[in-house]
Visitor: 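Quick one: the structure is below, and I'll ask about it shortly.
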Amino acid sequence: MSNILDSDIKYLPGIGPKRAELLGKELNIRTFRDLLYFFPFRYIDRSRIYAIAEIIPSMAYIQIRGKIIRMETMGENPRNKRLVVKIQDATGVLDLVFFKGIKWIQEKIKTGQEYIVFGKPASFNGTVNMVHPEINPVTEEILYGGSSMMGVYSSTERLKNSGIGNKVFSKFQLSLLEKYIETVPESLPAYIIERKGLCPIRHALKNIHFPTDAQALAEAQYRLKYEELFYLQLSLLKQKSIRMRKDGGLVMGKIGENFNSCYRELSFPLTGAQKRVIKEMRADMLSGKQMNRLLQGDVGSGKTLVALLVCLIACDNGYQACIMAPTEVLAQQHYKSIGKFLAPTRIRSALLTGSTKTKERKEIHEKLLSGEIDILVGTHALIEETVQFRNLGLAVIDEQHRFGVEQRARLWSKSDITPHILVMTATPIPRTLAMTLYGDLDVSVLDELPPGRKPIQTLHATETQRGKIFRFMKEQIKAGRQVFIVYPLIKESEKMDYKNLEEGYALITEEFKAPEYITAVVHGKQKNEDKAYDMELFAKGKAHILVATSVIEVGVDVPNASVMIIESAERFGLSQLHQLRGRVGRGSEKSYCILMTGYKLSKESKQRIELMCRTQDGFELAEADLRMRGPGDLEGTVQSGLAVDLKISNLAKDSQILENARKTALNILEQDPFLEKPENALLKRQLSVLRKEGKEPVDFSRIS
Ligand code: ADP
Ligand code: MG
């Protein structure tokens, strides 16, 4: 069933092997179809010509029409060498500035002739100009197929440098559409198109690139968004419905001795939210189906205890349970904190991590097989092949985004039976995104913090205030509190980041001298023992300050710490900042989060910092993060294993379409769970195409 649209992009006239390679690398465009489905991200009304006198720097892309009156190169050294082209209309003169491709412009543009100039106004030294605008002869109307709305394609620096800018994209799209649109098969069944009032695919593709008018564009966008979200939901829901139809979920009906004695001895009541989610999970565990649930809860909402109580249900019904954490530090922390809760029970727990000694490891392996260990806490070490359980009934995965999909899948081979799965995340995921990413999971939300938490005061500071901050730290330490100082660690600039951390550590130990002050340090380059030792120092209150990379982001619980200082805060995303901030405010004292940034901030960083100072609501922050960064980025931080590549939908804006598409998908699956009816043959085929292209989201439970 090969189609001309599957052809390698290099065969499209005007592209060739070199540009094809670049398109593949930069934008993942490899075939005719990829290009055809590379949509403009914005449209410009080309019917409107602005007068030069009315232009202000805050305008978006606009068009002007005028005569070139002068061209001159300015600046001596290569760094500021530029070509300034002056264009005049009846109302004034505007500078068009070029730093690159100067020679080409000089050859192409003729003084005294009239052009249509298209670009974004900017301001330089108080005057308005345009940098690198597009310049077209007045006659060149052909390109846009008579359309007054022009699509703008996002390009990259490297593509632009090799001549693939907006105009060229338009040209490619036009030639694709002219030659091949008739070969594009309809990709939604007729009954959906009819019932939902969607336009046909060919109409949509033509108008998404070259809209005849605003109405046609809206129709095209709606159709393409609907289709994209519909197939995403259909595949997720189909996976889920297959799971729900399979029996063989372990039935765990009993609430027994261990659960009860742990529960009775708690020094605080469970929050309403904790009770509710435990009930939800209990219902799953009684249903005879495999539980596959996501537990979402803001930092400090008490997920660990929920996980433990659910583990105890499994144990009381004769099964083993495991809790898997993303880092060694966290696994230890979990082990310790559940240890306290387990004291009144008969549960035997063990810790297995990368640094567990061989002898002990062997013993753990044996006890797991013989059933002498009830709850195993661990890291990746837990999913090594040698680890086998006697009867694993429940697997809890904490902070799941640190685990790859494959690693998760390996858990299921640990035992002959299919365990229930509980995935926990502290990343607040907006509802729309959760539906998209985890459509196959049931979601429980811990939307209530234990009582008595004090709000965390968040402040923004720059280097000039360092002295003041040091004084503040000393006050807090004197009052018996502890301080976190966190440095960013970004993969691409790891070396630099470690350097910053080392310098920061030196600065701190210089100012906070031992033995009066003890400073611990934790980062990824340390040996595990050193890391554990320093962590322990801080956790036990023996160190006053902990200098760390963002490894402490997840889960560390030191209630006595009251100050979180985040260095280069502008380099963190909102969700991450929120996670870090959640490390303080866990005790009874008032807590502070200080966001240190450079002096100059981009508009967006400034917004982020301001928002952090204003709100502590994780969901509000996550929604804002989604709006500011787009789902792509957030997704990366949420769940790198689930590659959901949305071409046109915007999860922040298209939630209505998503819900609508989801309902349709649900209805279809209710009546035809395996998509076997003739009218659904197309759906089945499309899903298998998605799967082949690796665009289908991955099934969490991997039960087959
Ligand atoms: P999370 O993992 O959701 O960030 P934790 O499970 O680490 O949160 O819980 C944070 C702290 O709150 C822990 O010290 C825990 O013992 C405590 N905690 C949990 N549930 C409650 C509750 N219902 N009331 C008071 N404190 C609680
Ligand atoms: Mg936790």
Side-chain angles (χ1 to χ4, degrees), residues 259 262-281 293-312 323-327 329-345 349 375 377 396-403 422-429 443-456 482 484 535 538-541 550-562 564 575-589 591 593 616-619 621-622:
F259 182 97
C262 171
Y263 189 79
R264 253 196 326 263
E265 297 292 317
L266 287 177
S267 57
F268 45 74
L270 292 185
T271 63
Q274 281 172 321
K275 286 186 191 155
R276 191 189 66 236
V277 302
I278 291 172
K279 268 192 206 134
E280 286 166 0
M281 291 174 210
R293 193 170 275 277
L294 176 73
L295 174 61
Q296 241 183 290
D298 213 339
V299 271
S301 56
K303 292 185 294 295
T304 315
L305 182 56
V306 168
L308 177 66
L309 287 168
V310 179
C311 285
L312 292 179
I323 301 178
M324 200 156 62
T327 66
V329 169
L330 258 180
Q332 278 164 1
Q333 177 104 34
H334 274 328
Y335 182 62
K336 221 185 302 163
S337 61
I338 72 164
K340 273 185 271 170
F341 293 124
L342 286 177
T345 71
S349 62
I375 298 180
V377 179
V396 179
I397 304 169
D398 193 10
E399 309 289 355
Q400 95 295 351
H401 60 277
R402 301 287 169 110
F403 276 108
L422 173 61
V423 177
M424 304 199 292
T425 177
T427 309
I429 307 163
V443 180
S444 288
V445 184
L446 275 180
D447 50 5
E448 186 185 346
L449 292 180
R453 296 272 158 86
K454 296 228 170 80
I456 303 164
Q482 289 166 278
F484 285 111
M535 201 59 229
F538 191 69
K540 287 216 165 122
S550 31
V551 289
I552 64 156
E553 177 190 342
V554 276
V556 186
D557 195 23
V558 184
N560 190 48
S562 65
M564 165 63 67
S575 296
Q576 226 185 345
L577 287 173
H578 180 63
Q579 298 297 315
L580 286 169
R581 178 168 59 184
R583 297 305 113 210
V584 296
R586 301 185 152 220
S588 50
E589 302 304 322
S591 296
C593 173
Q616 217 178 306
D617 179 334
F619 279 87
L621 289 167

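Whatever order the structure lists ligands and atoms in, that order sets their numbers, starting from 1.
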Visitor: State, to 0.1 Å, how close A331 and V377 come at their nearest heavy-atom pair, and which atoms those are.
Guide: O-CG1, 3.5 Å
Visitor: As an exercise, identify every atom of ligand 1 less than 4.0 angstrom from a heavy atom of P269.
Guide: 22 (C), 23 (N), 24 (N)
Visitor: Is the shortest distance from a heavy atom of G297 to ligand 1 less than 4.0 Å?
Guide: no
Visitor: Hey, which of L270, V396, L295 is the one that makes side-chain contact (heavy atoms from CB on, under 4.5 Å) with V306?
Guide: L295
Visitor: Near L270, which atoms of ligand 1 are under 4.0 Å from a heavy atom of that residue?
Guide: 23 (N)
Visitor: Heavy atom under 4.0 Å from ligand 1: found in T271's side chain, backbone, both, or neither?
Guide: both
Visitor: If the contact criterion is a heavy-atom separation under 4.0 Å, does D298 count as touching ligand 1?
Guide: yes
Visitor: Any heavy atom of R453 sitting closer than 4.0 Å to ligand 1?
Guide: yes
Visitor: Tell me every residue that passes side chain to side chain donor-acceptor pair (under 3.5 Å) with E589, counting only those two or more places apart in sequence or in another chain.
Guide: none
Visitor: Hey, is ligand 1 close enough to G300 that some N/O pair sits below 3.5 Å?
Guide: yes
Visitor: Hey, which atoms in ligand 1 end up nearer than 4.0 Å to a heavy atom of R586?
Guide: 4 (O), 7 (O), 10 (C)
Visitor: At their closest point, which heavy atom of V584 faces which heavy atom of S562, and how far apart are they?
Guide: CG1-C, 3.9 Å
Visitor: In ligand 1, which numbered atoms sit nearer than 4.0 Å to a non-hydrogen atom of F341?
Guide: 16 (O)
Visitor: For E280 and S444, test the side chains for any donor-to-acceptor distance below 3.5 angstrom and give the result as yes or no.
Guide: yes
Visitor: Going from CG on D398 to CG on L422, what distance comes out if it is rounded to the nearest 0.5 angstrom?
Guide: 9.0 Å
Visitor: So is P450 polar-close to ligand 1, meaning N/O to N/O under 3.5 Å?
Guide: no
Visitor: Show every salt bridge (charged side-chain N to carboxylate O under 4.0 Å, His left out) that has at least one partner inside residues 330-342, sequence neighbours left out.
Guide: K336-E536
Visitor: Using a 4.0 Å heavy-atom cut-off, which part of M424 comes near ligand 1: side chain, backbone, both, or neither?
Guide: neither
Visitor: Closer than 4.0 angstrom, basic N to acidic O: yes or no for R276 and D447?
Guide: yes
Visitor: Has ligand 1 got any nitrogen or oxygen that is less than 3.5 angstrom from a nitrogen or oxygen of L305?
Guide: no
Visitor: Does P559 have a heavy atom less than 4.0 Å from any atom of ligand 1?
Guide: no
Visitor: Report the distance from atom OG1 of T304 to atom CD of Q333, rounding to the nearest 0.5 Å.
Guide: 8.5 Å
